[in-house]
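Just so it is clear, the structure is predicted and the values come from calculations on it, not from any experiment.
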Amino acid sequence: MLRGMRKASSNWVGKTIMALVMGVLIISFGVWGIADIFRGFGQSTVAKVGHTEISLNEFRQIYTDRLQQIGRQVGRPLTPDQARAFGLDRQVLQQTIAEAALDEEARRLGLGQSDDQVRQLIMNDPNFKGVDGNFDPNRFQAVIRNFGYTEQRYVADQRKVSLRRQITGTIGAGLEPPKAMLEVLTRFQNEQRAIEFVKLDAAQAGTIDAPSPEALAAYFEDHKVQFRAPEFRKIAFVVIAPEEIAKWTQVSDEDAKKLFDQRKDRLGTPEKREVHQIVFPNVAEAQAARERLVGGLSFEDLGKERGLSASDVDLGLVTKSSLDPAIADAVFALPVGEISQPIQGRLGTAIVKVDKIEPGVEPNYASMAGEIKREIATERARVKVGELRDKMEDERGAGTSVVDAAQKLGLTAVTIDAVDRSGRAPDGQPVASIPQGLDVVSQAFNSDVGVDNDPISFRGGYVWYDVLAITPSRDRNLDEVRDQVEARWRQDQIAAKLKTKATEMVQKLEQGGKLADEAAAIGAKVETANGFKRDDQPAGVPTNLVAAAFRTAKDGVGQTPVTGGSEVIVFRVTDIVDPALDAASDAVKKLKDSIDRALTDEQVASYVNKLETEIGTSINQAAFAQVTGANQ
């Protein structure tokens with residue numbers, strides 16, 4: 001499996017998916033040490049955690065949802081083989097079992113969450129807020145539908161998530177990283193180095209005579225695979241995505257104005273006032289206090305006398321709707337700096353003072369028309385995408401090619417005559433007609449001519465593609481690539497000479513020579529870089545030089561090639577600074593937060609693992625393989 005994961009993550013798509021997979025569960029819950037128990041399993045049960053059975057259909061839904069979510073994020077669907085190669089099947093099972101164990105514990109502890117609390121949790125989620133910053137029911141429905149949820153299922157899941165957080169939050173509360181750990185990691189992160197260095201390039205390599213025909217031919221034979229012509233494929237594709245359709249979707253002012261009027265109350269910014277307030281039990285006390293305030297006593301000092309904190313007295317910037325309705329009208333009619341007469345509220349008699357007024361902003365249709373029209377166009381486009389998707393699938397099901405189907409539906413198909421696996425044309429340049437983020441090339445190279453391919457998820461829509469022709473990879477002859485071969489041969493000669501010269505310089509420096517003298521002897525200049533950390537990228541200093549400097553002791557010397565081999569750098573570490581720990585610095589605070597999270601994750605992992613053992617956890621490997629396709 002490890003070999004498969006390494007192979008799977010060797011390209012950018014694999015690396016992206018691996019990052020997403022690792023995000024499924026930061027910590028491993030260790031369910032694989034538990035022996036499988038097949039007695040008592042029904043054919044429809046994947047796992048049993050305590051009294052909770054995870055049914056085959058339930059796990060299939062969870063697993064399918066997760067594959068689709070990752071597919072949407074990377075712009076391509078995942079096959080069962082790919083998911084297993086990335087270990088996604090085991091990650092999802094681990095997560096599902098861990099969640100079931102926490103659900104069992106929540107029931108045992110009698111934890112609960114009211115409907116109002118769950119409602120507030122959902123309404124405060126920024127993913128569901130509209131352009132006015134408030135909860136948007138339509139956006140809520142669209143988002144959860146896009147991830148395969150019904151409202152009932154989503155609310156039920158959020159209730160469970162909230163209860164799990166109650167447990168895990170309690171487990172992680174109060175954890176503190178050891179001071180020694182904090183000091184070691186801080187020093188590792190903040191250690192600074194200074195270096196002097198010399199860059200050796202082609203000028204220091206000297207004259208490189210042209211290779212003889214025999215030498216060039218021999219070099220070509222030894223490196224023929226590097227000059228091999230790649231496989232090319234001719235492909236055609238059509239994109240049906242909301243943002244593409246929205247570009248040509250016309251929205252009238254009448255429709256936009258109608259939506260603006262519906263949201264007008266939420267789109268504007270209400271007037272806000274900075275208010276000081278003290279509440280008294282009766283009018284007499286309030287009046288007496290007002291006279292002292294008018295006489296020069298501050299609200300803060302009066303509040304201290306009455307045992308109130310600064311936050312009890314200073315309400316900050318508030319809107320009219322956030323105040324006691326009985327007091328709000330008087331507060332928002334009061335001039336700045338004036339102390340009010342006693343105001344009778346629901347909780348007592350208040351004295352208030354307004355320190356600052358921030359005027360409200362009335363929403364203006366003209367300034368928001370473009371944004372509203374784009375929103376309407378995008379929403380209409382989503383509906384149109386669904387309609388076109390069904391029509392396109394009908395055409396594909398009837399055997400129609402992508403190009404012909406697109407023409408019938410009034411869409412524009414893109415045809416690329418030749419593209420290699422890296423997305424480049426035969427001239428070596430990237431193919432410009434492929435939208436950024438669309439991984440249609442690798443999909444095409446996993447298909448074949450005449451294959452009816454599944455559409456690719458892309459930007460909320462779909463992409464259909466056909467492989468029209470394949471030009472196999474082949475060995476080129478020397479005449480086709482003579483210029484490239486000679487250029488590569490020359491680069492290798494330069495790299496070899498620079499390596500030899502750099503080695504000689506390092507030996508002289510180790511014997512007591514000075515870098516300035518060695519640089520002058522070859523016509524190079526000495527450069528310096530000071531006070532950089534191991535994660536810094538100082539101007540003019542390659543990344544591998546930074547890494548090499550942190551592998552070298554003070555006054556030590558070394559050499560490192562620059563990427564491509566056209567330069568070699570000889571350097572000396574002139575200083576190492578180990579700064580003292582500053583616990584109050586932002587960097588240390590961020591590091592501490594990171595360690596806190598890691599310790600919490602570890603603590604939660606141990607707790608859940610113990611729960612699974614205590615309440616009993618068993619896995620039906622046959623049912624698990626059936627869902628994930630491992631038995632096919």
- Sidechain-backbone polar pair: N446 side chain, S442 backbone, donor-acceptor under 3.5 Å: yes
- Tightest non-hydrogen contact, residues L478 and A217, listed as CD2-CA, 4.1 Å
- Query: Would R187 and D578 count as a salt bridge (charged side-chain N to carboxylate O under 4.0 Å, His left out) if you check the C-alpha gap in whole Å, the side-chain angles of each, and the deciding distance to 0.1 Å?
  - Reply: CA-CA 6 Å; R187 289 196 177 98; D578 189 7; 3.6 Å; yes
- Got a salt bridge between D483 and R488, using NZ or NE/NH1/NH2 to carboxylate O under 4.0 Å? no
- Quick check: does any side chain N or O of Q507 sit under 3.5 Å from a backbone N or O of E504, one acting as donor and the other as acceptor? no
- Start with the C-alpha gap between F220 and V481, add the side-chain angles, then the distance that decides, and say whether side chain to side chain contact (heavy atoms under 4.5 Å, CB included) holds. CA-CA 9 Å; F220 174 68; V481 289; 3.8 Å; yes
- Task: Carefully, step by step, assess I195 and F532 under the rule side chain to side chain contact (heavy atoms under 4.5 Å, CB included).
- Result: CA-CA 9 Å; I195 59 173; F532 59 87; 3.9 Å; yes
- Query: If you round to the nearest 0.5 Å, how far is CE of M392 from CD of E395?
  - Reply: 8.0 Å
- Message: Assess, by modelled atom type and distance only, whether the side chains of S473 and E231 contain a donor and an acceptor separated by less than 3.5 Å.
- Response: no
- What are the two closest heavy atoms between A418 and V431, and how far apart are they? O-CG2, 4.5 Å
- Message: Could you work out, with salt bridge (Lys or Arg N to Asp or Glu O under 4.0 Å) as the rule, every residue matching D593, not counting sequence neighbours?
- Response: none
- T96 side-chain N/O to V92 backbone N/O, donor-acceptor pair under 3.5 Å: yes
- Task: List the atom of F571, the atom of A549, and the distance in Å for their closest heavy-atom pair.
- Result: CE1-CA, 4.1 Å
- What is the minimum heavy-atom distance between V467 and A444, and which atoms define it? CG2-O, 3.5 Å
- Do H223 and Y219 have ring centres separated by under 6.0 Å? yes
- Task: Go through the steps to decide whether S447 and N453 satisfy the test side chain to side chain donor-acceptor pair (under 3.5 Å), and finish with yes or no.
- Result: CA-CA 8 Å; S447 183; N453 303 294; 2.5 Å; yes
- If you measure only the distance, is there a donor-acceptor pair under 3.5 Å linking the side chains of S606 and N609? no
- Message: Taking R396's backbone N and O only, do any of them form a donor-acceptor pair with T400's side chain (distance below 3.5 Å, no angle check)?
- Response: no
- Note on the structure: Here the gap from L88 atom CG to Q95 atom CD, rounded to the nearest 0.5 Å, amounts to 9.5 Å
- Query: What pairs of residues pass the salt bridge (Lys or Arg N to Asp or Glu O under 4.0 Å) test when at least one of them lies in residues 520-542, not counting sequence neighbours?
  - Reply: E191-R534
- Derivation and outcome, side chain to side chain contact (heavy atoms under 4.5 Å, CB included), residues I522 and E518: CA-CA 7 Å; I522 61 172; E518 296 301 322; over 6 Å; no
- Could you please spell out the steps behind the side chain to side chain contact (heavy atoms under 4.5 Å, CB included) verdict for I494 and S566? CA-CA 7 Å; I494 291 173; S566 59; 5.6 Å; no
- Query: Who pairs with T552 by side chain to side chain donor-acceptor pair (under 3.5 Å), at least two apart in sequence or on another chain?
  - Reply: none
- With sequence neighbours excluded, residues passing side chain to side chain donor-acceptor pair (under 3.5 Å) with N127: D125
- Would you call D475-K224 a salt bridge at under 4.0 Å N-O? no
- Would you check if there is a donor-acceptor pair between the side chains of T503 and Q559 at a distance under 3.5 Å? yes
- Item | Partners passing side chain to side chain donor-acceptor pair (under 3.5 Å) against T186 (at least two apart in sequence or in another chain) | none
- Separation between OG1 of T207 and NZ of K497, rounded to the nearest 0.5 Å: 7.5 Å
- Please check if atom NZ in K592 has more than 12 non-hydrogen atoms from other residues, nucleotides or ligands closer than 6.0 Å. yes
- Item | Residues which pass side chain to side chain donor-acceptor pair (under 3.5 Å) with D222, listed by chain and number, not counting sequence neighbours | none
- Message: To the closest 0.5 Å, what do you measure between CG (L185) and CG (N190)?
- Response: 10.5 Å
- Please check if the side chain of R84 supplies one atom and the backbone of G629 the other of a donor-acceptor pair under 3.5 Å. yes
- In plain terms, say whether K199 and E567 are close enough for a salt bridge, that is, a side-chain N and a carboxylate O under 4.0 Å apart. no
- Item | Flag for R424-Q429: side-chain donor and acceptor within less than 3.5 Å | no
- Query: Any Lys/Arg nitrogen of R193 or D575 sitting under 4.0 Å from an Asp/Glu carboxylate oxygen of the other?
  - Reply: no
- Task: Decide, yes or no, whether a salt bridge links R474 with E480 under the criterion of side-chain N to carboxylate O below 4.0 Å.
- Result: yes
- Message: Let me confirm one number: the CZ-CG distance from F237 to L438, rounded to the nearest 0.5 Å.
- Response: 6.0 Å
- Query: Rounded to the nearest 0.5 Å, what separation is found between the CZ atom of F624 and the CZ atom of R60?
  - Reply: 13.0 Å
- Return yes if a side-chain donor-acceptor contact under 3.5 Å exists between T543 and Q537, otherwise no. yes
- Item | G461 to V385 - nearest heavy-atom pair and separation | CA-CG1, 4.2 Å
- Would you say D420's side chain and G423's backbone share a donor-acceptor pair under 3.5 angstrom? yes
- So, is the end of the R233 side chain (NZ or CZ) under 6.0 Å from the ring centre of F445 and within 45° of the ring's axis? yes
- Message: Ignoring hydrogens, what is the shortest heavy-atom contact between A516 and V526? Give both atom names and the distance.
- Response: CA-CG2, 3.7 Å
